[in-house]
Amino acid sequence: VELTIEGVFMQFESEYNVLAPGPVNLHPKVREALALPMIHHRTPEFDKILARVLGKLKEVFKTTQPVYILSSTGSGGMESLIVNTLSPGEKVLCIDSGKFGERWGEIAKAYGADVHFIKTTWGEAVNPSDVENFLKQNPDTKIVLCQACETSTGVLNPIKELGKIIQKSPDTLLLVDGITALGAMNLPMDEWYIDGLVGGSQKAFMLPTGLSFISFSEKAWKKIPQSKCLKFYFDIQKEHKANQNGETYFSSNVTLIRALDAVLELIFEKGLTPLYSEIEKRANFTRKFAQDLGFTLYSKAPSNSVTALQVPDGFDGQKIRLKLEEKFKITIMGGQDQAKGKIIRIGHMGHINWQQMQSLMMNLAATLTELTLSYSPKKPLSQLEQEMKDWCK
Ligand SMILES: *Cc1c(COP(=O)(O)O)cnc(C)c1O
């Protein structure tokens with residue numbers, strides 16, 4: 001075996017196929033960028049990279065406002081949106097359509113907000129008129145929190161509609177968790193009246209874990225200087241000043257930002273719309289062929305970045321996921337909390353080819369057969385295999 005870097009990459013590629021809703025498979029160019037020798041973050045070379053990525057991120061966010069890079073996971077970005085706009089005691093409406101909605105409400109509570117929840121049934125999106133009614137009865141609401149895609153259930157929430165409603169209240173901000181949406185589907189911050197938006201590196205941005213990206217609207221910027229939440233690391237005003245001088249306030253995450261530069265180059269080579277279509281096509285493929293295998297769609301408003309599937313009767317989603325990984329080295333996710341065992345979740349973000357999608361389906365069928373000998377898909381496997389090949393052409 002030749003021990004070139006290329007060779008090592010290939011070997012890993014043939015070993016794990018990460019089709020989870022984050023982390024995701026890395027593009028070879030991203031892995032190359034991750035392997036580069038270190039440079040210092042206060043150098044003209046890095047300054048150029050930082051300026052370039054901050055510029056391109058604005059195009060992904062579709063905003064005229066600056067975008068900031070935080071060395072934190074997505075949850076840090078969620079916290080940052082809150083601590084920079086909230087004052088303790090203020091009323092917050094948290095849309096809880098799953099695990100991540102619940103988490104955001106908990107973060108707001110930790111900072112002393114008066115948090116009210118609109119809980120949806122898992123698998124369902126929020127009804128915009130419920131939010132409108134809440135705001136009519138509670139005009140003193142300062143912040144509404146919502147996931148664009150709720151990763152735990154595979155649900156897409158109606159952000160555009162929420163933006164239209166909230167934009168009418170001059171004193172209420174819409175903060176959106178776009179960690180599995182921004183970069184995977186159209187989520188234009190300015191056009192949809194989003195006041196705070198967060199993306200995450202290991203999800204739609206196709207990088208390893210460790211960066212989050214945030215931006216604030218003009219409306220949010222009016223509130224930021226008045227926000228009384230305690231903060232230091234996540235104080236966006238410090239970062240804003242540093243960015244204006246072409247730097248980050250704390251040490252820059254040189255390695256991940258260089259890899260981000262590589263991702264953004266790939267994204268803009270392809271174009272945002274073709275990228276989103278590709279992800280949508282993977283979602284359509286998964287929805288169609290998983291149903292042929294006997295799964296049903298869990299989400300009533302399915303997102304393109306992650307598909308949640310209810311497992312066929314008599315199966316345990318956790319066992320399916322574990323066996324698929326152990327036997328075929330394909331990583332997907334199971335369900336959390338009330339959906340544990342009942343669903344599996346398949347991610348469509350990252351560097352994925354059609355052969356990997358077909359292999360996922362065929363090996364899912366093999367896994368079901370291995371777990372229950374009496375299992376049979378709705379169509380013979382040989383027919384399914386041919387249909388998949390034709391579908392992917
Ligand atoms: C993954 C995820 C998070 C949490 O991100 P971490 O990087 O694990 O902190 C938050 N919201 C959504 C919608 C996610 O998918």
Heavy-atom pair with the smallest gap, counting every atom of [X] and [Y]:
{"X": "I159", "Y": "C146", "value": "CD1-SG, 4.0 Å"}
{"X": "L381", "Y": "A365", "value": "CD2-CB, 3.6 Å"}
{"X": "M333", "Y": "P21", "value": "CG-CD, 3.7 Å"}
{"X": "T153", "Y": "A308", "value": "O-CB, 3.4 Å"}
{"X": "V198", "Y": "D177", "value": "CG1-CA, 3.6 Å"}
{"X": "M185", "Y": "S305", "value": "CE-OG, 3.5 Å"}

Worksheet item: Run the side-chain contact (heavy atoms from CB on, under 4.5 Å) check on Y111 and E79 step by step: do they pass?
Response: CA-CA 9 Å; Y111 284 99; E79 182 155 335; 2.3 Å; yes

Within the structure provided, determine whether [X] and [Y] are in side-chain contact (heavy-atom separation under 4.5 Å).
{"X": "L360", "Y": "I332", "answer": "yes"}
{"X": "I224", "Y": "K222", "answer": "no"}
{"X": "V306", "Y": "H348", "answer": "no"}
{"X": "H41", "Y": "S251", "answer": "yes"}
{"X": "M206", "Y": "H351", "answer": "no"}
{"X": "T43", "Y": "D47", "answer": "no"}
{"X": "L364", "Y": "I344", "answer": "yes"}
{"X": "D171", "Y": "D140", "answer": "no"}

Worksheet item: Can F295 and L368 be said to form a side-chain contact (heavy atoms from CB on, under 4.5 Å), step by step?
Response: CA-CA 11 Å; F295 291 89; L368 295 180; 3.8 Å; yes

[atom2] on [Y] to [atom1] on [X], rounded to 0.5 Å:
{"X": "T248", "Y": "N245", "atom1": "OG1", "atom2": "CG", "answer": "11.5 Å"}
{"X": "T172", "Y": "K91", "atom1": "OG1", "atom2": "NZ", "answer": "10.5 Å"}
{"X": "I118", "Y": "L145", "atom1": "CD1", "atom2": "CG", "answer": "11.5 Å"}
{"X": "Q137", "Y": "E132", "atom1": "CD", "atom2": "CD", "answer": "11.5 Å"}
{"X": "N304", "Y": "N284", "atom1": "CG", "atom2": "CG", "answer": "6.5 Å"}
{"X": "I267", "Y": "K56", "atom1": "CD1", "atom2": "NZ", "answer": "9.5 Å"}

Shared hydrophobic cluster for [X] and [Y] (ILVMFWY, side-chain gaps under 4.5 Å):
{"X": "I214", "Y": "L175", "result": "yes"}
{"X": "L26", "Y": "V53", "result": "yes"}
{"X": "I143", "Y": "I236", "result": "yes"}
{"X": "I49", "Y": "F205", "result": "yes"}
{"X": "I330", "Y": "V18", "result": "no"}

Would you confirm whether [X], through its side chain, and [Y], through its main-chain N or O, come within 3.5 Å as a donor-acceptor pair?
{"X": "K58", "Y": "T64", "value": "yes"}
{"X": "N157", "Y": "V126", "value": "yes"}
{"X": "E102", "Y": "G98", "value": "no"}
{"X": "Q356", "Y": "N353", "value": "yes"}
{"X": "E90", "Y": "S87", "value": "yes"}
{"X": "K231", "Y": "C229", "value": "yes"}
{"X": "E239", "Y": "Y249", "value": "yes"}
{"X": "S201", "Y": "P208", "value": "yes"}
{"X": "T296", "Y": "P312", "value": "no"}
{"X": "T307", "Y": "T286", "value": "no"}

Item to complete: For residues H40 and F46, establish whether the separation of their ring centroids is below 6.0 Å.
Response: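 Centroid separation for H40 and F46: 6.0 Å or greater.
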
Worksheet entry | Within the 6.0 Å centroid threshold, strictly below: F213 and Y68 |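 Ring centroids of F213 and Y68 are no less than 6.0 Å from each other.
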
Discussion item. side-chain contact (heavy atoms from CB on, under 4.5 Å) for N138 and L93? Distances and angles first, verdict last.
Written reply: CA-CA 9 Å; N138 299 272; L93 171 63; over 6 Å; no

Donor-acceptor pair between [X] and [Y] side chains, under 3.5 angstrom:
{"X": "N17", "Y": "K329", "result": "no"}
{"X": "Q65", "Y": "S215", "result": "no"}
{"X": "T151", "Y": "T180", "result": "yes"}

Cation over ring, [X] on [Y], under 6.0 Å and within 45°?
{"X": "K342", "Y": "W122", "result": "no"}
{"X": "K238", "Y": "F232", "result": "yes"}
{"X": "K119", "Y": "F117", "result": "yes"}

Carboxylate-amine/guanidinium proximity below 4.0 Å for [X] and [Y]:
{"X": "D292", "Y": "K378", "result": "no"}
{"X": "R282", "Y": "E278", "result": "yes"}
{"X": "E247", "Y": "K241", "result": "no"}
{"X": "D261", "Y": "R52", "result": "yes"}
{"X": "K323", "Y": "E370", "result": "yes"}
{"X": "E387", "Y": "K379", "result": "yes"}
{"X": "K393", "Y": "D390", "result": "yes"}

Item to complete: Carefully, step by step, assess T331 and E325 under the rule side-chain hydrogen bond (donor to acceptor under 3.5 Å, both in side chains).
Response: CA-CA 5 Å; T331 306; E325 188 167 68; 2.6 Å; yes

Discussion item. Using 30° and 60° as the class boundaries, would you call the ring planes of F285 and W391 parallel, tilted or perpendicular?
Written reply: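 F285 and W391: perpendicular rings.
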
Item to complete: Can you label the angle between the F315 ring and the Y375 ring as parallel, tilted or perpendicular, going by 30° and 60°?
Response: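 Perpendicular.
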
Discussion item. The test is salt bridge (charged side-chain N to carboxylate O under 4.0 Å, His left out); show your working for D190 and K62 and say whether it passes.
Written reply: CA-CA 6 Å; D190 292 359; K62 297 226 167 91; over 6 Å; no

Practice prompt. Before giving the answer on side-chain contact (heavy atoms from CB on, under 4.5 Å), spell out for L81 and L86 the whole-Å C-alpha distance, their side-chain angles and the decisive distance to 0.1 Å.
Written response: CA-CA 9 Å; L81 290 184; L86 178 82; over 6 Å; no

